[in-house]
Each structure stands twice: as structure tokens, then as C-alpha cells.
Asks: 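Dropping a structure here in C-alpha cells format, bear with me for questions.
Counting convention: from 1, in listed order, for ligands and their atoms alike.
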Amino acid sequence: MPVADLLHLSGAPRAALRGLVARDRVAIETVESPRRPASLEMALEPLETVTPTEDQARVIEAIQGSLEARVFAPFLLHGVTGSGKTEIYLRAIEAVVASGRRALYLVPEIGLTPLLARRMRSRFGEVLALLHSGLTEGERYDEWRRIRDGKADVVLGARSAVFAPIPGLGLIVVDEEHDASFKQEEHPRYNGRDLAILRGKLAKTVVILGSATPSMETFLQARRGRYRLLSLPGRIGRAGLPPVELVDMRREFEEVGRETVLSRRLLAGLEERLRRSEQSLVLLNRRGFSTFVLCRTCGEQIQCRHCSIPMTLHLRRRRLNCHYCDDTRPVPAACPACGSEHLHFGGTGTERLEDVLKTALPGARVERLDRDTARGRGSVERLLTRVERGEVDILLGTQMIAKGHDFPNVTLVGVVAADALLGLPDFRAGERAFQLLSQVAGRSGRGDRAGEVIVQAYYADHHAIRYACDHDYVGFAARELTYRRAMNYPPYAALAVLLVKGRVFERAREEAEGIARTLRGLAGRRIQVLGPAPAPFERLRGDYRVQILVKAPNRKDLQAIVADTLQALDRIKLNVQNLVIDIDPMSTL
Ligand code: ADP
Ligand code: ZN
Ligand code: ZN
């Protein structure tokens, strides 16, 4: 692809959005105002017996004021898990629909929150449009046309729904705004959350970004007064946030005298739940059986043929599998390097944890939720429905079990290998670990009965783990922002990764060096250019990866330097076939 195209496309999602909003503004005059079927009239009546709490009422009032003013008004709704944020979104949506306008409701992954989709459908019926990845091309087109024709008052969808042509848009909700799934990692790269803000600005709407663990970007905007901060500091139920107990696995090893997956404390907690007919969730954020295969004779670790990533053993499928490129191969009987038969299958993934739980707790109804069990249309929904009905005692799984689920009978959440969440050398690793721990902890004790959380870790001293165990988002954010400022990372700097890929490492490195030289030649004092250096994942899908980090004081300066560099490279005809530019990257791996 010529450089000029790259340049053009880097701003494409934003440009597309501008065009869309302009068209919607015209469209609103030709589209009839929303018809309101009888079922919606009923929905607009006061809900569910649910009376807003005092905190909820205060938040609703603030949002209502801006809805009536019909201006761009961005809010950060920071509410602890189980504080009733969903109820706020639904009321805001109802209010905007009642005023004759329409609402867009973005969630990270609809497939993981089937209960929300069901709840929305029962509340809005005919006038709800659903956009998700499970739709066929034809279904998507039909839904799109229905929206464009003004037949849907409420559009619920994942990140790409931010481009839905909604005439008379009055409200955008972004739930779990911190979630990395809002970022599209393929071309064209964009962050649905950021585009939601831009769209709200262009279309003059209210935008609510909601989360229990806001991203550092959004939190800083709120602290600077650019977004209005609304807080729901307490849970709805009387029980409050569940206490979190940290189990130091170093001491557990010392006392038990051998390596264990489940601590005595977590096992006792699970047994107690079984006796009381309550449910438990157990998080382990690594799928597969063994997470690495090592030769005891020569020390070789079996890696993917195409990626610098260790192969995972999937025992049920009897395969080694690369979690990056999905390449699989048979389980070897001997070391591919030296032929030794002494292979060690190490590390624990969800498959092994499932076996450990079933062996330790015979009779317990144990189910696993991860990308391996979630294959096939409707399988996630079926499993989650069974959990909701109480047909599952223990649900274990990867981060999929931590997403917005609301299971009132879950009173214990266990976390296995919390420190594994910190493993990767990326500036957002701490933030991600904090978010995941807080979110999964938030699944415990959401009903009438008090909940409890047990977190196992070897390296238990990391601030992300400590603050998550204290439910202290504000403390974590203060600490994390201090680190980001000191290191000149987002949200204090605008960051771009320029990644050069190539089959031959030397070639990729030389190209990256040429680009870095050009960058440095153009960069003023305010721009920082780091690298080139091999990326932490040095090789993926057969390509070596060498990257340059560019930091600028703001996004405008960053885009300018990137654009200037591309133009300069075009002039000297430097081949940048394999250059990937990621502005505001979610990670630098
Ligand atoms: P969050 O999205 O903040 O995690 P939810 O909106 O899922 O929280 O609310 C948690 C639970 O509390 C849900 O079961 C919800 O139906 C219930 N709930 C919300 N608001 C109220 C209220 N005002 N009175 C009683 N129950 C409520
Ligand atoms: Zn070997
Ligand atoms: Zn691979």
C-alpha cells in the first residue's frame, strides 16, 4: 500500500463519522418522529418495583438536565460493581426516547452479556435494534436499514455500532468504557469509546461513559473537568462490597510442602458454598491444560513455528496450540530439539483447573467458560443461563467470567494466579490486572447474601493487586497516574507504535532504523522517539517485529509528526509495505 493511502486511512474512521453525523442531521428532517407502540408506553411507566436509590436519583437528575439542554455533555459514571449503573443507562435511554430522540448503547461484547440483550428486548421490544458479530451479512444489512429509516429508537451493539446511522440521536452510552474490546486492532484501527465521544460532540448529545474501573484516560479527563464525574460509591444491596482475602502462595507452599493449584483456604471456601447451596466463580486467565512444554534434558521450550510464543497443551483435543496464530500440532512424544523423552508439561490452564476442582470436590457441578468451550452459536448463552438457574455450582474460566454478569447466588469468587495477570511487559499491565481483579471480585455477593473473594498470588505485593483487594479505585488511579506521568506514558503523552514486520529479521530492523532516523530528523524537542527495538513478541505469524515508540505532548502533534514522516519516507521511496501504525495503542507488545 502506498504511503499516501496509509496516511489517508489513518484518519478514516474519524472522517467517516463526520460524514455520518452530517447525514443524520439532514435525515432527521425526513424521518418521521419515532412511533411509540403500546408496549413501549408501558415500558415508560415506572419499572421492575425498582425505586432508584438516593445516589441513583441524584445521578439521573444530573443526566436529565443535560438531556433536556440538548448539548454535548460527556459524563463519567463511576459506580462500584453492583451499584446499579445499568439501571441508570436504561432510565436515561427511556428519557431520551420519550423526548422523541434515539439512543445508542455500546457494550464490549454482546455475546458475553446475553442477559442484558434479553432485558433490553423485553423493555424496548420492536424498537430495539441489535448489532453484533453473530449476525449474517444480510441480517446486518436489514438491521442497518431499519435503523437508518428511523424504525429503531434504541441501538444496542458492540464497537462498530458507533457507525450506525441513527437519525435524531440524543444519547450515547458506553458501558465498561475501559474494556479493551472497544479497540479494533485490525485496519482501520479505532477505539469505539473515543469515537463515541467524537460523535457526541458532533451530534451534540449526552455521552455516558460508565465503569467501576475507568480507564486512566477517562479518569484524567474527569479530574480535569472535561467530563462531568458522577459517582455511585455503594452497592445496591445491604451487604456491600465483598471482603477480599489475599492468599500468599509462597507461604502456602512452605506450609503444605508441595506445589498446589488450590490453596486450603480457597478449597474450604468452595466446600462451604456447596454445603450452603450457593455458587462460586473461579478465575484463571489462561486456557488450555499446560501453559508450556519444556525439555528436561536440553532445556528447550516448545514454541510455535510461526510465533515467539510457547505452545499450550490442550489435553481434551490432544494437541499443542499457539494462542496467537492458532496453529496446532500433535503432542510430541519426544523433544523436537534433542529427541529426549523427558518432556515436562508445566503451568496450569483452565482445563487442568477443571480437573483439579472435579477431583477435589466430587459431586460438585463444575463448568468451564473460556474460548474453547464457547465455540458454537449460543453456547455461551446456554451456559450462562444454566448458571443463572442454579444448575451450576462452580463456574471457572478466563476473563469471560468477569464481564458484567449479575448472578445473585454467587457468594464466592476465587482468583487463581492473580500475579500471572501482571506477566507481560506493557505499560498498561498494572491497569489491566487491577480492572480484571476488581471486575471479577464484583461478581461476588450481588444478591441478599454477603459475598467473599479469595485471591491467590505468589507475587502478592504489586500495587494493582493490593488496591484491588481494598476496592480502592481512587487510590490505584492516583498511584498509576503518578507512574504514567513520571514515565511520560498515556494519558500524559500521546503514544504511537510504528511496527515494522518482515520475514527476515535483519531487513525489518534496517527498515525500522531508516524510519527512526527520519522521525528523529523531523522531531522537535517535544517529540520523543524510542527504538527501534524488537517487540516483546518478537515474531508472530512468521513475521519478525521491530518497533519504534513515538511520544508527543498531544495527539495533534503526534499525528503531525507521523504524517510528516510518512511523506518524507514516500519521497525517499523507502519501502514501508510492512509498516503498521497504531496510534493510542492498547498495548506495546
Ligand atoms: P452495575 O451495572 O453497577 O454492576 P446493576 O445495574 O447490574 O449494577 O445492578 C446490580 C443489581 O441491583 C441488579 O440486580 C439490579 O437489578 C439491582 N438494582 C439496580 N437498581 C436497583 C434499585 N434502585 N433497587 C433495587 N435493586 C436495584
Ligand atoms: Zn530436548
Ligand atoms: Zn503461532
Asks: Does a salt bridge link Glu217 with Arg428, judged by any charged N lying under 4.0 Å from a carboxylate O?
Replies: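 Yes.
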Asks: Do Arg273 and Asp393 sit within salt-bridge range, that is, some charged N less than 4.0 Å from a carboxylate O?
Replies: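 Asp393 and Arg273: not salt-bridged.
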Asks: Please identify which atoms of ligand 1 are closer than 4.0 Å to at least one heavy atom of Lys85.
Replies: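 Going through ligand 1 atom by atom, the ones under 4.0 Å from Lys85 are 1 (P), 2 (O), 3 (O), 4 (O), 6 (O), 8 (O).
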Asks: At the Zn ion (ligand 2), what's the angle from Cys298 SG to Cys295 SG, rounded to 10 degrees?
Replies: 110°
Asks: Which ligand 1 atoms, with their elements, are less than 4.0 angstrom from a heavy-atom of Val50?
Replies: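 Atoms satisfying the 4.0 Å criterion: 21 (C), 22 (C), 23 (N), 24 (N).
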Asks: Under 2.8 Å from the Zn ion (ligand 2) - does any N, O or S atom of Cys335 fall there?
Replies: yes
Asks: Quick one: which of Arg159, Lys403, Arg432 gives a salt bridge (charged side-chain N to carboxylate O under 4.0 Å, His left out) with Asp179?
Replies: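 Testing Asp179 for a salt bridge (charged side-chain N to carboxylate O under 4.0 Å, His left out) against Arg159, Lys403, Arg432 leaves exactly one candidate, Lys403.
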Asks: Below 4.0 Å, non-hydrogen atoms only: which portion of Pro52 touches ligand 1? Side chain, backbone, both or neither.
Replies: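 Only the backbone of Pro52 comes within reach of ligand 1.
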Asks: Under 3.5 Å between any N/O of Gly82 and any N/O of ligand 1: does that happen in this structure?
Replies: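 Yes, there is a polar N/O contact under 3.5 Å.
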Asks: Would you kindly specify which portion of Thr86 sits under 4.0 Å from ligand 1, judged on non-hydrogen atoms: side chain, backbone, both or neither?
Replies: both
Asks: Should you measure from each heavy atom of Gly84, which atoms of ligand 1 turn up under 4.0 Å away?
Replies: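 Atoms satisfying the 4.0 Å criterion: 1 (P), 3 (O), 5 (P), 6 (O), 8 (O), 9 (O), 19 (C).
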Asks: Can we say Arg545 and Asp543 salt-bridge, meaning some charged N sits less than 4.0 Å from an Asp/Glu carboxylate O?
Replies: no
Asks: Is the closest basic N to carboxylate O distance between Arg91 and Glu94 below 4.0 Å?
Replies: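 The answer is no: the pair does not qualify as a salt bridge.
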Asks: How about His178 and His78: are their ring centres within less than 6.0 Å of each other?
Replies: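 For His178 and His78, the ring centres are not under 6.0 Å apart.
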Asks: Out of Thr213, Leu241, Val440, which residue meets the side-chain contact (heavy atoms from CB on, under 4.5 Å) rule with Thr81?
Replies: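 By the side-chain contact (heavy atoms from CB on, under 4.5 Å) criterion, Thr81 pairs with just one of Thr213, Leu241, Val440: Leu241.
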Asks: For ligand 1, which is the ligand I care about here, please tell me if Gly79 has any N or O atom under 3.5 Å from one of the ligand's N or O atoms.
Replies: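 No, Gly79 has no N/O under 3.5 Å of an N/O on ligand 1.
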Asks: For the Zn ion (ligand 3), decide whether His323 has an N, O or S atom at a distance under 2.8 Å.
Replies: no
Asks: Run the ring-centre check on Tyr467 versus Tyr473 and record whether the distance is less than 6.0 Å.
Replies: no
Asks: I want to confirm something. Looking only at heavy atoms, which of Asp406, Thr51, Asp175, Thr81 is nearest to atom 13 (C) of ligand 1?
Replies: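 Nearest heavy atom to atom 13 (C) of ligand 1 lies in Asp406.
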Asks: Just wondering, are more than 12 heavy atoms of other shown residues or ligands nearer than 6.0 Å to CD in Glu341?
Replies: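 Open: at most 12 neighbouring heavy atoms sit under 6.0 Å from CD of Glu341.
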Asks: Taking 4.0 angstrom as the limit and counting only heavy atoms of Val80, give me the atoms of ligand 1 inside it, by number and element.
Replies: 3 (O)
Asks: Counting backbone and side chain alike, does His306 bring an N/O/S atom below 2.8 Å of the Zn ion (ligand 3)?
Replies: no
Asks: Any non-hydrogen atom of Leu232 lying under 4.0 Å from ligand 1?
Replies: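 Judged by the 4.0 Å heavy-atom criterion, Leu232 does not count as contacting ligand 1.
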Asks: Taking N or O atoms only and a 3.5 Å limit, does Arg119 qualify as a polar contact for ligand 1?
Replies: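 In this structure, Arg119 places no N or O atom under 3.5 Å from an N or O of ligand 1.
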Asks: Working to 10°, measure the angle at the Zn ion (ligand 3) formed by atom SG of Cys304 and atom SG of Cys325.
Replies: 100°
Asks: Do the charged groups of Glu54 and Arg58 touch, with an N to O distance under 4.0 Å?
Replies: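 Between Arg58 and Glu54 there is no salt bridge, as every charged N stays at least 4.0 Å from the carboxylate O atoms.
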